[in-house]
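Just so you know, ligand 1 is whichever comes first in the structure, and atom 1 is the first atom listed for that ligand.
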Amino acid sequence: MAVQKFSHCSHWGAYTLLVENNRIVGVEPFAGDPSPSPVIHSVKYWAESANRIAQPMVRKSWLAKRGPGERKANEAFVPVSWEQANQIVASEIDRVRHEYGNASIFAGSYGWTSCGRFHHAPSQIKRMLNLVGGYTGHVDTYSIAAGPVILRHVLGDSEACNGGATTLDAVATHAQTVVVFGGLSPRTAQSEAGGVARHQLESHLRAMVDNGVRFFLVSPMRDDLPEWVPAEWLPVRPNTDAAVMLGLAGEIVSANRHDQAFLNRYCSGSDRFLAYLAGQHDGVRKDAEWASRISSLDVGCLKALARRLVDTRSMITVSWSLQRADHGEQPYWAALALASVIGQIGLPGTGVGFGYGSLGGVGSPLSQAQSPAFPQGAKPNADFIPCARIADLLLKPGREFTYEGMTHTYPDIRLVYWAGGNPFHHHQDLNRLRKAWSRPDTIIVQEPMWTATARRADIVLPATTSIERNDIAGNRRSDHLIAMHQAIRPVGMARNDYDIVRGIAACLGVECAFSEGRDEMQWIRMMYERSARHSRERLGVELPEFETFWERGSTPVPTRAMFTYLEAFRRDPDGHRLNTESGRIVLGSDKLATLCLDDCPPCPSWIPPAEWLGCAGPEEFHLVSRQPAGKLHSQLDEAPVSMATKHNGRERVWIHPGDAARLSISDGDAVRLWNDRGQCLASASVADAVRPGVLMLPTGAWYAPEDEGPNALDVAGNPNVLTLDKGSSGFSQGCAAHTCLVRMEKHQPGRPGSDLGRATT
Ligand SMILES: Nc1nc2c(c(=O)[nH]1)N[C@H]1C(S)=C(S)[C@@H](COP(=O)(O)OP(=O)(O)OC[C@H]3O[C@@H](n4cnc5c(=O)[nH]c(N)nc54)[C@H](O)[C@@H]3O)O[C@H]1N2
Ligand SMILES: Nc1nc2c(c(=O)[nH]1)N[C@H]1C(S)=C(S)[C@@H](COP(=O)(O)OP(=O)(O)OC[C@H]3O[C@@H](n4cnc5c(=O)[nH]c(N)nc54)[C@H](O)[C@@H]3O)O[C@H]1N2
Ligand SMILES: [Mo]
């Protein structure tokens with residue numbers, strides 16, 4: 001049989017699948033992609049994995065007696081037909097909404113399911129539940145919460161961290177100095193929510209290097225910039241960046257090199273901020289010496305950097321990682337304040353930008369076309385949680401929580417419906433999540449794989465992966481729409497997300513309103529044509545007919561290059577007021593002054609995090625759990641591209657050679673990491689790319705506890721058995737995964753923990 005070619009796309013890029021006899025025999029990167037991701041070669045393992053769920057399943061003990069329970073991963077499941085599964089799910093939804101109200105259904109359902117915009121599993125279940133009275137959802141994301149929340153108040157919106165800041169082509173053309181807080185890394189830029197056709201970060205970085213930009217990398221890890229980017233490395237203590245930024249601002253102000261005219265014309269509350277820098281209330285002057293004591297960076301280096309920032313055209317970039325931490329608002333607000341003191345915001349290629357390279361398209365020219373999206377309909381009820389508060393929600397029904405200055409109440413959740421996410425990968429403090437997970441009456445998980453989350457569900461609905469169906473990829477940070485062609489037949493009895501939810505909608509009596517009578521291709525065509533109409537009417541750009549697009553496999557969309565953020569505001573601040581309390585950039589906030597929050601004060605501040613090296617015991621390390629190089633989160637963990645990043649099947653934890661020598665740990669040793677919250681195994685990777693006192697264990701290993709005990713040893717190396725489940729502050733309640741102290745030792749031989757506890761192919 002001849003090899004057939006299918007255009008396709010995932011969050012890690014667009015590609016062509018070569019298929020013979022219903023088997024993927026090759027993968028070719030998208031022709032126009034300058035830096036394709038190796039992860040495109042993993043997708044065939046979706047089809048070949050022994051971890052696929054073959055048919056709908058129900059937990060045996062739940063069938064006998066539905067209600068709260070431990071939900072052990074190793075308990076028996078009973079196979080059922082799709083008709084039975086749909087009936088059970090629909091009757092649980094009906095039971096819970098009639099007995100307790102729709103707020104008792106949690107369908108926040110966070111997760112990076114397929115990049116296809118139609119079979120987008122969380123959108124599908126939300127559309128269905130909106131037709132029957134609603135659900136409790138979530139706001140913000142694990143990726144970014146503290147950052148956008150503070151920027152909404154002090155900059156007027158969160159565009160600047162979603163890809164709406166100055167584009168990197170402009171930075172490469174105009175900037176002379178780039179200070180990178182966190183990283184600008186092809187590792188993270190591989191991925192983009194909704195797919196990306198052309199990975200552009202490396203091209204932008206090369207242009208900067210060619211133009212002689214001087215780089216300063218402020219990060220605990222030296223490899224947060226590619227090794228071919230010449231950079232001065234400032235190996236900062238994790239979570240102390242706000243102090244570094246404030247110390248730099250203080251140096252500039254005390255040398256009288258700050259742009260007072262900029263502060264007067266474009267900012268509000270700068271008096272309050274300057275008083276804080278001068279130490280008027282706490283008696284502590286914020287300068288290089290002060291920042292050096294907190295961050296452990298060299299004083300001379302900080303002083304020289306402060307001078308260079310005002311002497312040259314400078315850009316400050318801040319990764320998303322910095323705000324995924326306790327008090328994560330502060331580095332974002334402090335970076336904005338530092339850039340305001342320098343006074344180059346709104347000029348070409350300079351100022352401040354957030355999240356460049358955290359996703360592939362942040363910093364690339366933004367698409368001007370409307371991205372395809374599956375309509376969720378209006379949500380009839382307002383109930384929500386901040387995204388990362390899932391365990392609090394389940395453990396504390398009826399308790400109050402704060403968010404953006406308002407007080408809300410956690411609903412009493414009886415039913416959890418999770419589609420397209422893996423909370424037993426992504427949530428912090430998994431032992432605590434296990435306790436929380438025992439509370440609801442019923443947990444439904446819609447997933448292709450027997451993930452740790454699926455194993456802890458009551459009802460498991462097997463979904464196809466994207467290669468088993470048709471879809472469309474596209475988002476505002478990608479310059480193409482991509483046709484996602486079905487390449488192989490569905491595996492086992494798996495159904496497409498749309499068909500699963502449509503079946504349940506039928507049992508609930510809302511099938512007509514849910515489907516509007518459209519099948520898969522009719523929806524995809526409708527979504528494409530909506531984008532094409534927008535492009536024609538708003539931009540005067542004609543996209544090809546749907547048939548042509550589908551046959552070609554992709555179409556470019558118009559983008560906005562060489563963009564300078566806040567250019568119009570700089571030209572005319574009264575004509576282009578920001579959507580803040582003052583219409584200006586807020587450096588001292590009246591609103592936050594009124595709220596009187598200990599953990600989010602009225603001007604950008606350094607507040608020690610709950611856990612950091614400044615309060616660590618002699619044996620403790622700061623754990624950075626960054627995104628994995630060889631996969632997207634927990635997806636395709638078993639494929640060779642991911643396995644090659646491990647050692648003996650276990651995730652690698654990076655440790656500085658000096659620390660390793662002190663603990664008598666050699667490269668490749670099995671090690672145990674632990675703290676009061678949990679423990680896991682990993683394989684030591686001794687490397688001077690990580691600063692002393694810091695360990696780096698990437699996310700993504702499939703959570704595999706040895707047993708179901710309260711402090712079970714995770715043998716695969718998922719850092720979330722160790723991380724802290726605390727809101728970044730009472731203002732934003734974001735994920736604080738990067739705030740975590742742990743200890744480490746060589747794993748004692750003879751201890752259990754060699755079995756990885758799941759099928760591998
Ligand atoms: N310690 C620590 N933890 C973190 C982070 C960190 O920095 N440190 N980062 C956080 C961040 S930023 C994020 S975004 C989260 C990510 O957390 P998640 O988004 O939950 O992680 P994924 O592994 O991508 O989960 C997606 C799931 O969807 C399933 N799936 C794939 N395709 C389909 C489909 O077509 N249909 C259905 N129904 N399911 C599908 C996959 O099998 C997988 O189980 O993790 C967070 N957790
Ligand atoms: N390959 C791959 N790419 C991905 C993902 C993936 O799973 N795999 N996930 C995607 C998702 S959902 C997201 S949200 C983004 C996340 O994008 P980011 O948040 O930017 O990524 P991280 O890997 O968490 O962190 C980047 C770097 O920040 C540094 N860092 C951590 N803490 C601190 C700190 O306190 N101070 C300083 N200065 N640096 C610190 C670490 O050294 C780390 O290498 O990545 C996306 N890209
Ligand atoms: Mo994320």
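- With hydrogens left out, the protein atom closest to atom 15 (C) of ligand 2 is Ser358 O, 3.1 Å, a heavy atom.
- At under 3.5 Å, a nitrogen or oxygen of Gln190, whether backbone or side chain, sits near a nitrogen or oxygen of ligand 2.
- Note that CD of Gln323 is 10.0 Å distant from CZ of Phe354, once rounded to the nearest 0.5 Å.
- Scanning all protein heavy atoms for the shortest distance to atom 44 (O) of ligand 2 gives Asp224 OD1, 2.6 Å.
- Backbone and side-chain nitrogen or oxygen atoms of Arg469 are examined, and one is located within less than 3.5 angstrom of a nitrogen or oxygen of ligand 1.
- Between the side chain of Trp112 and the backbone N or O of Asn422, no donor-acceptor pair lies under 3.5 Å.
- Heavy atoms of Gly183 come nearer than 4.0 angstrom to ligand 2 in no pair at all.
- The protein heavy-atom contact nearest to atom 20 (O) of ligand 1 is His426 ND1, 2.6 Å.
- In this structure, the protein non-hydrogen atom closest to atom 34 (C) of ligand 2 is Asp241 OD1, 3.5 Å.
- Using a 4.0 angstrom heavy-atom cutoff, Thr464 counts as in contact with ligand 1.
- Residue, atom and distance of the protein heavy atom nearest to atom 28 (O) of ligand 2 are Ser321 OG, 2.8 Å.
- In terms of polar-atom proximity, defined here as any N/O pair under 3.5 Å, His427 makes no such contact with ligand 1.
- Close N/O approach between Trp46 and ligand 1 is not found [any backbone or side-chain N/O within under 3.5 Å].
- Shown in contact with Thr451 at under 4.0 Å from a heavy atom are these atoms of ligand 1, numbered in order with element: 44 (O).
- Within the structure, the closest approach of Arg626 to ligand 1 does not fall below 4.0 Å when heavy atoms are considered.
- Residue Lys631 has at least one N or O atom closer than 3.5 Å to an N or O atom of ligand 2.
- His119 does not count as a contact of ligand 1, since none of its heavy atoms falls under 4.0 Å from the ligand.
- At a 3.5 angstrom cut-off on N or O pairs, Val218 counts as close to ligand 2.
- Shortest contact from atom 31 (C) of ligand 2 to any protein heavy atom: Val624 CG1, 3.7 Å.
- For Asp298, the CG atom counts as densely surrounded, since its 6.0 Å shell holds more than 12 non-hydrogen atoms of other residues, nucleotides or ligands.
- At a cut-off of 3.5 Å, with distance as the only test, a side-chain donor of His427 or Tyr142 sits close to an acceptor on the other residue.
- Using a non-hydrogen distance threshold of 4.0 Å, Tyr110 registers as a contact of ligand 1.
- No part of Thr699 comes within 4.0 Å of ligand 2, judged by heavy-atom distances.
- Note on ligand 2: Trp112 sits in its first shell, one or more heavy atoms being nearer than 4.0 Å.
- In terms of protein heavy atoms, atom 35 (O) of ligand 2 is closest to Asn239 N, 2.7 Å.
- The shortest contact between atom 32 (N) of ligand 2 and any protein heavy atom is with His738 CG, 4.0 Å.
- Of the protein's non-hydrogen atoms, the one nearest atom 47 (N) of ligand 2 is Thr188 O, 2.8 Å.
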